[in-house]
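Beneath this line is the structure, given in structure tokens, with notes to follow.
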Amino acid sequence: MSFPLLTVTAAVPAVGAILTAAVPAARRTAAKWLALVVSLATLVLAGVVFARFEPGGDRYQLTESHSWIKDFGVRYELGVDGIGVALIALTALLIPFIILAGWHDADPLETSSKRWRPTQGFFALILMVEAMVILSFEATDVFLFYILFEAMLIPMYFLIGGFGDRAHAGSDENAAAQRSYAAVKFLLYNLVGGLIMLAAVIGLYVVAGNFSLTEIAEARANGSLEMATSTERWLFLGFFFAFAVKAPLWPLHTWLPNAMGEATAPVAVLITAVVDKVGTFAMLRFCLGLFPEASKWATPAIVVLALISIVYGALLAVGQRDIKRLVAYASISHFGFIILGIFAMTTQGQSGATLYMVNHGISTAALMLVAGFLISRRGSRLIADYGGVQKVAPVLAGTFLIGGLATLSLPGLAPFVSEFLVLVGTYARYPVAGVIATTGIVLAALYTLVLYQRTMTGPVKEEVRELPDLRVRELAVVVPLIAVLIFLGVFPKPLTDVVNPAVQHTMSDVQQKDPQPAVPVQNAEAAK
């Protein structure tokens, strides 16, 4: 039997989480280093997965399949396509930086309410989320994916509710209440979506007789599995609703600003740059793969919702007074671009959407983590409490600017490539939608540059006069992320080579071809 590389890649952080949680309470530093080493080992394994994947090979590679719940046809079945490989690499890349950035976020802190922060638990929960997310990108059994989709809510709930942002205005009791509200809202929204998806998963089993993504696809291709139109549409809606909550898509987005605002900056990155990508990934793998006709039927409505997300999220970001909530609403706008690219049903759109998942994760991590360093120094998330930071902490201000420029998709930085492909792919099939989506670019420039102007430029406020610049550990977090943004901005080929064949398979699933450009009459005559 071949080496189970995919299982090992997910098992290393899972085992690391257990070992980290078991470190004695007095040895907090040892727990941190253990978590960091485990995350780096996972990154190495993810690199091996990326290197062993053959873009021109089978659709699903490095496959594993074992019987799990035989009576119900549930299997432990894994496999990766180009999209899954890219997102596994993103997850494994970000987790070490999340751990480094949150190095002191869970240190014991005695407050007026005598509450303590268990350091070991904080880092163990991060590793457990990493394990579940990686395994969800690998799962090709629908039931296995569902279990992971729901299980990752548990550690995320404790990370949001138990390890909230210390830069919270008001009393400790008020801060705890806000954290609890954000965590419960996150959990309830995603649980409702998951329960609706469970009904759809059961319905799929009744129709198909198994949960294997590959077997269901083969049965549909050879005509041995037929779904009634109404059945396929209802099942599609059950799956899509859960993924739209996770993504998040307007109007199911309202949990995200609360969760990101109350969580620590590293946990906020974990939410939007890692966990939420499971929702958009699943739209490509499961919605389009299992329900192609229903996907095409729902496309006009989803395109409208995506456009609303783009414009609505950007407009609310413009009006924010809280730095972290601004980044949260900006992410809602960016997820609108991702979903628009997926349902544009063009190769450019879907390739751009997949690249956007990766590039948005890196750019948001860079911006949010630098913002977290800034907030921890000043003790406030309010934009109005800052001013003139670039004069006292130029490196912090410079890295904050690069993260912001990446967020607005400046040419030369990674998000530009993906956003450009999404817009081109959308315009090719839906010209009006493509034009409307470009307003998100203008608004992104507005909220990003206004944020930088109000926090970093102008007279130096007295409260930030003694603000220290980035330290070595913080530079070790930010500099590599910026380097990756620049590298993928000028040379995205390593990702596009892996992603494009998977996109072609998805386009084949939905039986769509790229629209042919209109040929001007004079060119047509010349061609004759």
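Predicted, not measured: the structure shown is a model, and the values here were computed from it. Residue numbers run from 1 in the order of the sequence given.
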Heavy-atom closest pair (F337 atom, G440 atom, distance to 0.1 Å) is CZ-CA, 4.3 Å

Residue R321 excluded, over 12 heavy atoms near CZ under 6.0 Å
no

Side chain D469, main chain L396, donor-acceptor under 3.5 Å
yes

Side chains of Y430 and T299: donor-acceptor distance under 3.5 Å anywhere?
no

Can you confirm if the aromatic rings of F335 and H253 lie within a centre distance of less than 6.0 Å?
no

Test item: S351 side-chain N/O and T347 main-chain N/O as donor-acceptor pair under 3.5 Å:
yes

Can you check whether A263's main-chain N or O pairs, donor with acceptor, with K324's side chain at less than 3.5 Å?
yes

Should we count CZ of F416 as having more than 12 external heavy atoms under 6.0 Å?
yes

Do any N or O atoms from the side chain of R179 and from the backbone of A259 form a donor-acceptor pair under 3.5 angstrom?
no

Which heavy atom of V490 sits nearest to which heavy atom of G412, and what is that distance?
CG1-O, 4.1 Å

Write down the atom of G425, the atom of Q348, and the distance for their closest heavy-atom approach.
CA-CB, 3.8 Å

Kindly indicate whether the side chain of I332, heavy atoms from C-beta on, has any atom under 4.5 Å from the side chain of P257.
yes

Is it true that Q320 and Y329 share a donor-acceptor pair across their side chains at a distance under 3.5 Å?
no

Contact check, side chains of V184 and Y157, non-hydrogen atoms, under 4.5 Å
yes

Side-chain donor or acceptor of T272 paired with backbone N/O of V269 under 3.5 Å:
no

Between F291 and F239, is the gap from one ring center to the other below 6.0 Å?
yes

Verdict with reasoning, F149 to N190, per side chain to side chain contact (heavy atoms under 4.5 Å, CB included):
CA-CA 9 Å; F149 187 82; N190 284 274; 5.6 Å; no

Mark yes or no for whether T438, through its side chain, and V435, through its backbone, hold a donor-acceptor pair below 3.5 Å.
yes

Closest non-hydrogen atom pair, E150 against L191
OE1-CD2, 3.7 Å

Minimal non-hydrogen separation, A92 against A46, with atom names:
CB-CB, 3.5 Å

I342 and T280 have their tightest heavy-atom pair at CD1-O, 3.6 Å

Geometric class of the F236/F240 ring pair [parallel <30°, tilted 30-60°, perpendicular >60°]
parallel

Are the side chains of I436 and V432 in touch, meaning some heavy atoms are under 4.5 Å apart?
yes

Donor-acceptor contact present, side-chain S309 to main-chain G336, <3.5 Å
no

Using a strict 4.0 Å threshold on nitrogen-to-oxygen distance, state whether R377 and E463 make a salt bridge.
no

Indicate yes or no for a side-chain donor-acceptor contact from W255 to the backbone of L188 under 3.5 Å, with no hydrogens or angles considered.
no

Polar side-chain atom of S363 near backbone of T407 as donor-acceptor pair, under 3.5 Å
no

Chi angles and distances behind the side chain to side chain contact (heavy atoms under 4.5 Å, CB included) call for L100, E474
CA-CA 8 Å; L100 268 179; E474 295 164 337; over 6 Å; no

Check for me whether K461 meets the cation-pi criterion with Y386, that is, NZ or CZ under 6.0 Å from the six-membered ring centre and within 45 degrees of the ring axis.
no

Using modelled atom types and a 3.5 Å cut-off, is there a donor and acceptor pairing between side-chain atoms of R233 and backbone atoms of A294?
no

Find out whether I160 and I271 are in side-chain contact, i.e. whether some heavy atom of one side chain is under 4.5 Å from a heavy atom of the other.
yes

Is the CZ atom of R454 crowded by more than 12 outside heavy atoms at less than 6.0 Å?
no

Apply the test side chain to side chain contact (heavy atoms under 4.5 Å, CB included) to residues L374 and M456: give CA-CA distance (whole Å), side-chain angles for both, the deciding distance (0.1 Å), then the verdict.
CA-CA 11 Å; L374 177 67; M456 302 294 166; 3.7 Å; yes

Applying salt bridge (Lys or Arg N to Asp or Glu O under 4.0 Å), run through E262 and R381 and close with a yes or a no.
CA-CA 10 Å; E262 298 305 321; R381 306 191 320 234; 3.7 Å; yes

Any chance the side chains of Y452 and Q390 put a donor and an acceptor closer than 3.5 Å?
yes

Within a strict 4.5 Å, meaning less than it, do heavy atoms of the M197 and F241 side chains meet?
no

